[in-house]
Amino acid sequence: MAYFWRIRHSHQKDASGGEISPVQYVGRTPNSGSELVLSEDEKSDNEDKEETELGVMEDQRSVILHLISQLKLGMDLTKVVLPTFILEKRSLLEMYADFMAHPDLLLAITAGATPEERVICFVEYYLTAFHEGRKGALAKKPYNPIIGETFHCSWEVPKDRVKPKRTAPRSPAGCHEHPMADDPSKSYKLRFVAEQVSHHPPISCFYCECKEKRLCVSTHVWTKSKFMGMSVGVSMIGEGVLRLLEHGEEYVFTLPSAYARSILTIPWVELGGKVSINCAKTGYSATVIFHTKPFYGGKVHRVTAEVKHNPTNTIVCKAHGEWNGTLEFTYSNGETKVIDTTTLPVYPKKIRPLEKQGPMESRNLWREVTRYLRLGDIDAATEQKRHLEEKQRVEERKRENLRTPWKPKYFIQEGDGWVYFNPLWKAH
């Protein structure tokens, strides 16, 4: 999951002395002035998520062929300008937020009664976290975030839906509702922020937290893409950490690679590679393998997983299936459970409307590119995208001339990683 705004809740008084609703202070840095973000400004997201499934048009194919003719196998595509018609109408930072599309599964982890149950709950959540990031079967590329770009959102999760999944009732077949809490006091709030902290290499950070459940996730990801003939591979370099403060547990996890296949016909996405989940305190770990489709035959989107208690060398859970379809879990006591990702309830993001967003917030920053893509005006979208990227290059040259390093708003570099400047584990 390739980090989060500073939150201080305070009850303010209005001019008449009456109390107004809690607010979120979005701090620029630990010592700077704050931007004020009213929590009530957030609205349920109603963006059209589906991408048009047309495949590659004939005129577009010639553009891609010309581009391919200039590339070499294994070539790093980080600095290659790709055609605008392959863009997905949203930023990569927003795509990372879709890892939280099932926040009830995430929040249920801390409700697990034992370390074994909690690590299994995390693996169940992890395996269901990727399918909602794909908007339709067609492979499209999200916008490369501009350095300093941010994305903020939140989710409200009804408290009665947060429970350990081994005892939770299964969703009825075909259920894909958008659950909403009528009373905010009866729901948990999960808040999320992502920021592009580096341009070369392109590093994104995201952080989310639920204060009530004393749970937070922080992740930094460096995306590195390479040309593979009729495919493009994207490595997700970095790691994330899930912290359960109530239990004093930290789960360190990595991310799979992504591949865009059949780029000249109908591009499609698959995940591949081995990822790990480790909790040093409890001695539990998991290995998850995303299997790429064999050249001849074989199924697509296969995933297998194994959860192990290392001190006793005991396998406590195995899983197999499709990361965007049905997953079957087998536990050490012989019980089994099936999760169909296509029927899991999806919780809509809450996000402030464009007129309430700052100039570097993803949807506001890319709004003209998105508008022209929706209109089908590729030339105008390309020009708007070029303008944003050229502005980034000019500002980068200024910083180099002045020898002034870029200073992110919400994240601090620590060694090879990045951390949110005011995380939940430091606030408590």
Side-chain angles (χ1 to χ4, degrees), residues 1-3 96 98-133 164-166 205-210 213 215-222 235-258 271-291 301-324 327-332 337 339 341 416-417 419 425:
M1 267 161 254
Y3 271 104
Y96 289 137
D98 288 321
F99 289 136
M100 310 295 167
H102 306 305
D104 53 332
L105 299 187
L106 177 64
L107 298 182
I109 297 170
T110 195
T114 64
E116 179 178 321
E117 187 166 349
R118 289 191 291 275
V119 71
I120 290 173
C121 283
F122 183 37
V123 172
E124 291 178 358
Y125 159 75
Y126 185 95
L127 292 179
T128 63
F130 295 94
H131 76 102
E132 192 61 21
K165 290 289 109 176
R166 287 176 74 169
C205 298
F206 68 80
Y207 172 89
C208 69
E209 70 176 25
C210 177
K213 298 294 283 183
L215 169 153
C216 60
V217 180
S218 55
T219 308
H220 62 274
V221 183
W222 167 21
S235 299
M236 309 281 273
I237 303 164
E239 66 180 25
V241 182
L242 166 70
R243 289 178 171 85
L244 307 180
L245 302 186
E246 182 180 340
H247 305 287
E249 296 170 356
E250 296 183 2
Y251 299 80
V252 180
F253 59 91
T254 55
L255 296 163
S257 296
L271 302 178
K274 180 186 289 188
V275 303
S276 62
I277 298 169
N278 290 286
C279 181
K281 178 181 178 179
T282 65
Y284 284 96
S285 67
T287 299
V288 180
I289 301 175
F290 293 85
H291 301 268
H301 309 313
R302 285 183 58 239
V303 64
T304 55
E306 191 174 87
V307 184
K308 186 176 184 179
H309 184 240
N310 296 296
T312 59
N313 203 32
T314 305
I315 306 299
V316 298
C317 177
K318 289 187 175 183
H320 67 90
E322 294 82 42
W323 56 266
N324 60 352
L327 297 160
E328 183 174 338
F329 296 83
T330 303
Y331 307 107
S332 56
K337 183 178 73 172
I339 296 178
T341 64
D416 294 331
V419 295
W425 70 87

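Just so it is clear, the model here is predicted, and its values are computed rather than measured.
- No side-chain heavy atom of Val241 sits under 4.5 Å from any side-chain heavy atom of Val419.
- Heavy-atom minimum distance, Ser257 versus Ser235: OG-CA, 3.7 Å.
- Within the 3.5 Å criterion, the main-chain N or O of Ser276 finds a donor-acceptor partner in the side chain of Thr254.
- Pro256 is listed as a side-chain neighbour of Phe130, based on a closest heavy-atom distance under 4.5 Å.
- Interatomic distance, CZ of Phe99 versus OH of Tyr126, reported as 8.0 Å (0.5 Å rounding).
- For the pair Phe253 and Val217, the minimum side-chain heavy-atom distance is below 4.5 Å.
- Here the closest heavy-atom approach between residue Gly283 and residue Pro311 is recorded as O-CD, 3.5 Å.
- Of all heavy-atom pairs between Cys216 and Glu209, the closest is CB-CB, 3.8 Å.
- Interatomic distance, CZ of Phe290 versus OG1 of Thr304, reported as 9.5 Å (0.5 Å rounding).
- Lys281 places a side-chain N or O within donor-acceptor distance of the main-chain N or O of His247, the cut-off being under 3.5 Å.
- Here the OH atom belonging to Tyr284 is positioned 8.0 Å from the OG1 atom belonging to Thr314, to the nearest 0.5 angstrom.
- Using modelled atom types, no side-chain atom of Asn324 and backbone atom of His131 make a donor-acceptor pair closer than 3.5 Å.
- Side-chain contact between Thr282 and Val119 is absent, with no heavy-atom pair separated by less than 4.5 Å.
- Side chains of Tyr96 and Thr219 form no contact here, defined as non-hydrogen atoms less than 4.5 Å apart.
- Shortest non-hydrogen contact noted between Leu107 and Thr110 is O-CG2, 3.4 Å.
- Cys208 and Met100 make their closest contact through SG-CE, 3.5 Å (heavy atoms, listed as atom of the first residue, atom of the second, distance).
- Heavy atoms of other residues, nucleotides or ligands lying less than 6.0 angstrom from CZ of Arg243 number more than 12.
- Here the straight-line distance linking atom CZ of Phe122 with atom CG of Leu244 works out to 8.5 Å at 0.5 Å rounding.
- The closest side-chain heavy-atom distance from Cys317 to Glu124 is not below 4.5 Å.
- Of the inter-residue distances, the one linking Tyr251 atom OH with Cys279 atom SG reads 4.5 Å to the nearest 0.5 angstrom.
- The two residues Cys205 and His220 have their closest heavy-atom pair at SG-CB, 4.0 Å.
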Go through Leu106 and Leu242 one step at a time and tell me if the side-chain contact (heavy atoms from CB on, under 4.5 Å) criterion holds.
CA-CA 10 Å; Leu106 177 64; Leu242 166 70; 4.2 Å; yes
Show your reasoning for whether side-chain contact (heavy atoms from CB on, under 4.5 Å) applies to His301 and Leu271.
CA-CA 7 Å; His301 309 313; Leu271 302 178; over 6 Å; no
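- For the atom pair CG of Leu105 and CD1 of Ile339, the computed distance is 6.5 Å after rounding to the nearest 0.5 Å.
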